[in-house]
Amino acid sequence: MLGEGILKGLTETARNFLGSYVNKDRLTTVQFPEERLPQIEATRDFPFLVYDGSDWQAGLRCVSCQICEKECPPKCIYIEKSKDKKPDVTGKLQFYPTTFDIDISVCMSCQICVEVCPFDAIKMNVEFEMSSEDRFGGLLLRKEQLAKSNEYYNKIHPTEAAAVDAALAEERAKVEAKARQAAEAKAATPAPVAAPVAGETK
Amino acid sequence: MTISFLLLAAITITGTAAAMSLKNLVHCVLALTLGLVGLAALYLRLGAQFVGFTQILVYVGAVAILAAFAIMMTRSAEPSELSRSSSIRFSGTLIALMVFAVLAWAICSGTSALQVPGPQPEASVHQIGLALMHLFVLPLEVIGILLTAALIGAGVLAMDETRRAQ
Amino acid sequence: MNLEEIKSEIETNVPGCRLEIIPNGSPSGQHSLLVDADHAFAAAAYLRDAPNRQFDYCSNATGIDWPIKEVSTKVKTKKIVDGVEKDVDEVVKTQTGGYLEVVYHLFSVELRQGPLVLRMRTEDRAERIHLPSLTPLWRSAEYQEREIFDLYGVMFDGHPDLRRLLMWEGFEDHPMRRDYVDPDDYEYEPTAHDEVLKRAQAHVAAEGGR
Amino acid sequence: MDEQLKSELRRQGVVATSLQELYNWGRRSSLWPLNFGLACCAIEMIAATMARYDLARFGAEVFRPSPRQADLMIVAGTVTKKMAPQVVRLYNQMPEPKYVISMGACAISGGPFKQGYNVLKGIDRYIPVDVYIPGCPPRPEALIDAFLMLQKKIDEQYLTGPNRPRHLNADMPSEFVVPEFGTHDLVPTQNSEVWKAPLVNISIAGKNESGRD
Amino acid sequence: MTNPIYLPVIVLLLGGAGFAVGPLALAWVWARKYSPQKSGPIKNAIYECGLESTGDAWIKFKPGYYIYAIIFLIFDVEAVFLLPFAVAFGGFTAAESIAMLVFLILLVEGLVWACQKNVLSWS
Amino acid sequence: MSVLTDTPIDLTPDLPNDRSEGQLLEVSMGPQHPSTHGVFRMDVTLDGEKVVKLKPVFGYLHRNHEKIAENESYLGCMPYTDRLDYICSITNNWAYALAVETLAGIQVPERAEYLRVITGELTRLQNHAGLVGFLMQDMGASGTPLMYAFREREKVLDLFEALTGARMMCNYMRFGGCRVDVPSGWLQAAQKVIDGFPKFLDEFESLLMSNEILMARTQGVGVVTREQAINAGISGPMARASGVNYDLRKVDKYGIYDRFSFRVPLGEHGDVYDRYMLRVLEMRESIEILKQAMRDLPAGPIMDPNTKIRGFRPKAGEAYGRIEGPKGELGFYLISDGSPNPYRFRVRPPSLINLTLLEDMCLGQNVADIVIILGSVDIVLGEVDR
Amino acid sequence: MPEMIDQIFVLLKHWLMAYVPGTLQPIASAVLSVVPVLIAFPLLFAITTVLERKGLGRMQNRYGPNRVGPFGILQPMADGIKSLTKEDIIPRTADQAVHFLAPVMLVIASFLVYAVLPIGKNMVIANLNTGVLFFFAVGSMVELSVFMAGWSSRSKYSLLGAMRAIAQMISYEMPLVLASVVVIMAAGSLSTVTIVNMQASYTRIWPHWYVFTPWGLTGFVLFMIAATAESNRCPFDMPEGESEIIAGYYIEYSGFKFALFFLGEYLGMFATSAMAITLFLGGWAAPFSFLTWIPSYVWFFAKLLTIIMAFIWIRGTLPRLRMDQLMNFAWKFMLPLSLINIVGAGVWHFMPAGFARWLIVSLLVVVSCALLSRGLRRGKSFYVRTYRFAS
Amino acid sequence: MTPMSAYLLLSALLFSIGLAGALTRRNAILVLIGIELMLNAANLNFIAFWRYGPHPEALTGIMFAIFSISVAAAEAAVGLSIILAVYRHSRTTDLDQMNSMKG
């Protein structure tokens, strides 16, 4: 019969129309600025730099190894390595980035920088409200804008951050154990050579 | 002579005169529409409601569209650079003027008896219908044949060659 | 599917056809068949129509640019140096490349075979860049050959509609060639580095510091 | 519009103020985007109009296919050099007032594809952009956020005075130069009226020579 | 002598015209006072999907459309006769109705002819 | 077809096959057109409403993917493949990963293969759902089917986001496996989506499938015969709609597709309706595959431990790897010269090659048919122009 | 008391008229009857746009406009202000005068037809003897304005759209007229007021609407389909077919002229819907005799809104037809069926009241409907296909 | 009161305009429109005579006008088709050109 399929279609839309008043599945809108979708843990947007402790400058995990800069497919990371070394959060002397810029007007959120970072220093943020009216100033994230605390990292990616923390703690423990061993050895046999510093790959 | 008559007459004359003199054919058709609407309003003014609206329905709704289509299909919307030779234009206008003069003379001299209309006559659609089915039933059928013939004739003419050959 | 067999088959069926099997060094084992340009069309037609081959489906056609490259290989030769025979590393310089290559990946839908990799090479990269078009055999090559013409500059003889596919009409370069240089186009980038930086510097230098 | 500004304007005359408010309100509440998507970001733009995010709540679901009826051009995706003249022409053909949201990394700067020979390094080289949304692609929420930002920007515009926006100022340009296809590149490569990039970081002795291995 | 029944129609006509022209005038005033018209050769060019429009749009169309207009005209005229008939229908006998039927059938014949000649199939 | 103008007066009667009575109208549809699915352009010549010539114009989204990839590392190419066919990034990743794996002879762990199948089929689901919605949009339905399709698509995208972190540009696969393992609760969520999907398909079908307007619009429109399809390299659902039994999941049995039982629907007429229905049927088959894959998902590693992701240098050589993408045969042809960057990186774009027959399909049809034929081909400009 | 509320506007007018000097009375009377229409229907237009957007939204599982003003009801106002202040572009090559006149003429023609539509009891602007004819005659001017718009823009798409629009409108004009002939046959008048009055009586509680007869129902369905096509609504929205010819005949219109096209289109839709109500659904008459205490204009607008809802519903569901199918449908299905329906109405008239005439006329309509639909499918039959699977 | 002669004069003027158009315009479509105008002038006469005539109740004038309109419509249909058919052969709607090609 001509028109049967049309009527079927009409029923379907009518069901959705009426359903939208009673059924949450048929009214899927999330009224964005006020309502927000629950944060999905794995979400990534733009990278940020993790720092430990409370002082972002001192606690920055980044040792300016520039792997991410090299691996970044669209080349949106810009790092200038320091000439000197500063003690990091564990007190070890490290290089640090004097400049660390990420041009989010180029960044493609691919997460490769995170993947290749051997220090867990760069992670993906979930902040997406980054719109700007300023093309040249607003979209270049400087070191100070990029630095976010480990607590923040733990807040946005709890599972991942916990794993990272555990791994770092383990490594640190290993280092400490080694240092202790070395200290013991040093105590046993006075050797002027400092223990090799683990974690410094370069 | 009332204002309304003059107004409507002006509209009609302007429209039709423009239709006959404008360069762009689509403009001509649109002007013609205006003129015919004015004419229809005159019919209404004369109490012939049915005829007036029929005029709009047929002329504005159909003939104007048909003419517009014909223009689109013959690609004569652009003003043609060449117009008729001035002698033809002149003589044509002259003939028309002369016809008008003769007619006007005849009208002015002949119809004084009918200057004042009678009371508004009843010309309801119902009456037209009755007349159509009684007195004018034969013309109606003839018109039917005429329209069918026109339909077929126009169809044959407008059909493209291949279809006609089929 | 034996490439040797196919080769000999074509050689018998397309007289005069010069074929060469190009071995593939990677684990994929997709060796390819290099056909000379003059007989490529006939060979391809044979591949498509031979009942035991039926390569009716040309999946992929693409170009490759091989500019002239000096390859220096170390060859160990025995040489008599100072009267003593020694193993000496001798650097042998050979020139490779210098041509544009077009690769077709053929499959057979009927026999579910493939891929058969068919290659053709132009004689050089500047003038003698004509190759036969296989579009009359496989329509699927139509746009791909146009693309190769556009990006590499290979002229396909017998292509029904050889125009640029991706770049605009009036564009003169063939940008996928390896020696293509981007036009000087000042790129503002707050974090310029590497090549971008070089280009930007070149631009600034050209503009006189602006 | 903050309160201070409001009272300031009120002093100038209630009529003008309320007219300005009404004008801005009308403009910002009825932003009809041009039905125009370029690449990946267009999908997220469509997603933003779909049930989950529903741009229609702001009255902006009327995607007009013809630029004559559109107010907002969302440049969603990579603008290639082949496409750039068309984009500029479409923008030119939109009636004033018109706004541009540059959505996604590609539209802002060429993004990940900026190294390509056929990719325009940012649509703002040719047309003025109101809001930039970074991201590749930005989430639909980011588009809505940018949309709200644009609304706020419209709200803050003056109807009269020297600071009035471009479309109210007869001296400002009405249309922007449409680049032409050259033999190697677009001609011109940028519209210097619109695009004035700061010259930074390009010291002739770049970083390459100094701090890298 | 103007029939007063048309007066409201005329007023409606004027009102409708006002409704159309009024806002346009208002928009014009607004444009004059605040928002200057900005014309330009590109802006005022014909829109064609973002390209420059080439060739004239005013071309000779194919007559496929024309046949519909003819049939429409014929049936429009038919409706003109049908309406008075319908109005007076209540008082008619079968004979008169058959006369109308004959009239209708005559026209339907034309339609059937057109259908069979495939005149009515689009392009 | 002759272009008739005013000036040359030709008194000879029209040729019998010359049915063009009017002047031909040359219209360009696109690059900005509501239903060219992006910046595609067709130069159409119309005789009234009938198409007498149609020339597609490409390149408006040519963003030099292949050239850029020649300067990127093998890993760095992966996120670019996301942006090829930006609706189904995961299958693009897969095809590229497969090509690299073929090139370098990498084995993929079992669990990764299963995860690839699951994400790949989910991609197919959302692609087909979106396509059918877009097709209806082209047909003039004011958004409703598209909205329903996107409603379901969002659910799949949520899964992608939970797994890979991004809604569209997943960048999920690596040569030698997958980037991350599923987070906790993901499988249950996925199961829920998969179980809910048939309901959506039923709704969709009752909304549209027996709709007379849809049938009248699509049946017999844009016909491609089997021979034409094979010769023109048409692949994917479009080829199968023409009756070509060529599904790479069955032919190549890449990955672990030989472990699943699923059917390959075939069309007979090769028209728009068949293409549309094939996608609906394929969605149902995908759901079957997904159910099996979810059931059989083994534990284990997700990456081949021997594969170096960073600084990956395959041996010199070349490889062509292809998968059955949602749009057709998506192939990657890689040439390695032993350096960390591919020497040649070629994408075999199904969208572009499926367009080969566009003109043949559209000739003699109406303007309105162009858009639905184009819609039924299922193109994504990112892939067509690359 | 209900009578009083029902006639409140009429009384108000009379009360106001008392203050008008005698010579101006006809004019004042005319103005007073016209002004409410000029207010009510544009207002309805505004409400409808927002209802449509929200209704479509709900059908599509979303909210629709809800930010501008409470619940988004100020959305049309914002759109209006924006349209007013938007730049008005006239293409360089366009025919300026015609380009300007087209939307104006469309709006005038759309408004003019309201002259004969009885909005309530004793509430009609002009009770013309030839009301229905007037409606169609003035309505046909819409076609001309559409042609003007498309032609004057001189854009290829607009011209295609205009050609489509005219072809479609003239094709569906005939079914529209012929479908209403049955009602005129039954009512014996072309006056809309008389037609409604004929339907405003009740047998027990049931009304005498013409839709409750087989020919009336057929006529109504035909009329509504034709009205959908006449007002370019989905699934007959080919002239503006967004996905094909971008925006059709008004592609080059910007600013308030575009809004006028919108307005004209919606007014046309309201007018044809109102005509359908007048002809088939008893105009302002209450559906049941015990509901007559509700004012007549309430009923009128309730019915009108119902039909508008149906339009929105259909728009939210159906895809668009193709041009050839549309034309075939008009000429090979609608037109013959409406002619047969006239014959059916004649047969009904000459048969004695009772079940037999119900049966015969229904049968006539149903059988011819089936035959015609078969004829329509001839050559290219479509059906739900089944598919085979590869082994 | 409008005298009948006014209507008749108007009708005569219309007729003359139509005639002038038919005689002076080159385009066949316009000539046809001119002829239509002349028919319309006659219609106006019919109506005017009906209104002012001695037996308005007889409706003859009205009926004549209606029939005249239908005949005019049929004429327009056929006439425009002929123009179209001629155009198909000679590619012109210009009467002079048509004329010159006849011989």
Side-chain angles (χ1 to χ4, degrees), chain E residues 4-13 15-17 19-21 23-24 26-28 30-31 34-35 37-39 41 43-49 53 55-58 61 65 68-69 71-72 75-76 79 82-83 86-91 94 97 101 104 108 111 114-115 120-123, chain G residues 26-27 30-31 33-35 37-38 42 84-85 87-93 103-104 107-108 110-112 114-115 125-128 133 154-157 159 163 167 170-171 173-174 177-178 181 184-185 188-190 251-252 255-257 260 323-324 327-328 331-332 335 339 343 346 349-350:
Chain E
I5 195 149
Y6 298 121
L7 194 64
V9 180
I10 292 160
V11 172
L12 188 64
L13 181 90
F19 213 93
V21 177
L24 288 182
L26 206 65
W28 183 78
W30 173 273
Y34 293 109
S35 171
Q37 282 279 330
K38 293 186 172 185
S39 311
K43 182 183 263 184
N44 289 40
I46 292 294
Y47 160 80
E48 195 181 325
C49 292
S53 189
D56 198 349
W58 287 350
F61 259 78
Y65 298 86
Y68 292 103
I71 302 177
F72 167 64
F75 273 87
D76 221 14
L82 204 54
L83 286 176
V87 170
F89 178 69
S97 304
L101 201 62
L104 281 183
V108 169
L111 190 69
C115 270
L120 281 183
S121 58
W122 181 260
S123 65
Chain G
I27 297 254
V31 168
S33 28
V34 164
V35 165
V37 167
L38 284 181
L84 268 178
T85 54
E87 188 184 6
D88 181 21
I89 297 179
I90 301 166
R92 195 166 9 107
T93 47
V104 174
V107 170
I108 292 176
S110 305
F111 265 120
L112 215 51
Y114 286 93
I125 293 178
N127 179 12
L128 298 181
L133 183 63
R154 208 167 183 174
S155 158
K156 291 165 190 170
Y157 285 109
L159 211 67
M163 284 315 228
I170 59 176
S171 301
E173 177 111 1
M174 264 2 276
V177 176
L178 294 180
V181 163
I184 295 158
M185 283 163 77
S189 172
L190 280 174
I251 193 166
E252 292 288 353
F256 207 80
K257 283 184 195 159
L260 284 183
M323 202 62 207
D324 57 334
M327 301 301 276
N328 279 345
W331 292 106
K332 295 183 182 165
L335 186 65
L339 285 169
V343 176
H349 174 74
F350 287 114

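Reminder, nothing fancy here: chain letters follow the sequence lines and each chain counts from 1.
- Counting heavy-atom pairs under 4.5 Å between each of E:Trp30, E:Phe89, E:Trp28, E:Phe75 and chain G puts E:Phe89 at the top.
- Only the side chain of G:Phe350 comes within less than 4.5 Å of a heavy atom in chain E; its backbone stays farther off.
- Heavy-atom distances place the side chain of G:Val177, and not its backbone, under 4.5 Å from chain E.
- If you measure heavy-atom distances from G:Ile90 to chain E, the contacts under 4.5 Å come from the backbone alone.
- Ranked by heavy-atom pairs shorter than 4.5 Å toward chain G, the options E:Val21, E:Leu12, E:Leu101, E:Leu24 are led by E:Leu12.
- With sequence neighbours excluded, no residue satisfies side chain to side chain donor-acceptor pair (under 3.5 Å) with E:Asn44.
- One finds the CG atom of E:Asp76 at 6.0 Å from the CD atom of G:Glu173 (value rounded to the nearest 0.5 Å).
- Checking side-chain atoms of G:Glu252 against main-chain N and O of E:Tyr47 turns up a donor-acceptor pair under 3.5 Å.
- Heavy-atom pairs under 4.5 Å with chain E peak, among G:Val37, G:Val107, G:Ile184, at G:Ile184.
- Nearest heavy-atom pair, E:Val9 versus G:Leu112, reported as atom, atom and distance to 0.1 Å: O-CD1, 3.7 Å.
- At a 4.5 Å heavy-atom cutoff, the contact between G:Leu38 and chain E is made by backbone and side-chain atoms alike.
- In this structure, G:Leu178 CG and E:Leu82 CG are separated by 6.5 Å, a value rounded to the nearest 0.5 Å.
- Between G:Ile108 and E:Gly16, the shortest heavy-atom contact is CG1-C, 3.9 Å.
- Remark: E:Leu26 CG to G:Thr85 OG1 distance equals 10.0 Å, nearest 0.5 Å.
- In this structure, chain E has heavy atoms under 4.5 Å from both the backbone and the side chain of G:Ile125.
- Taking both residues in full, the closest heavy atoms of G:Ala30 and E:Pro8 are given as CB-CA, 3.6 Å, listed atom of the first, atom of the second, then distance.
- At a 4.5 Å heavy-atom cutoff, the contact between E:Val108 and chain G is made by side-chain atoms alone.
- For chain G, no part of E:Ala88 is nearby; none of its heavy atoms comes within less than 4.5 Å.
- Looking at every heavy atom in both residues, E:Ile46 comes nearest to G:Pro91 through CD1-CB, 3.8 Å.
- The shortest distance between side-chain heavy atoms of G:Leu128 and E:Tyr6 falls below 4.5 Å.
- A distance of 7.5 Å separates CG of E:Leu111 from CG of G:Leu339, quoted to the nearest 0.5 Å.
- For E:Ala69, the parts sitting under 4.5 Å from any heavy atom of chain G are the backbone and the side chain alike.
- Both the backbone and the side chain of G:Ile27 come within contact range of chain E, judged by heavy atoms closer than 4.5 Å.
- Within the 4.5 angstrom heavy-atom criterion, no atom of G:Val35 approaches chain E.
- The two residues E:Ala79 and G:Met174 make their nearest non-hydrogen contact at CB-CE, 3.9 Å.
- Here the closest non-hydrogen pair linking G:Pro42 and E:Phe19 is CG-CZ, 3.3 Å.
- Counting heavy atoms from C-beta on, the side chains of G:Trp331 and E:Phe72 come closer than 4.5 Å.
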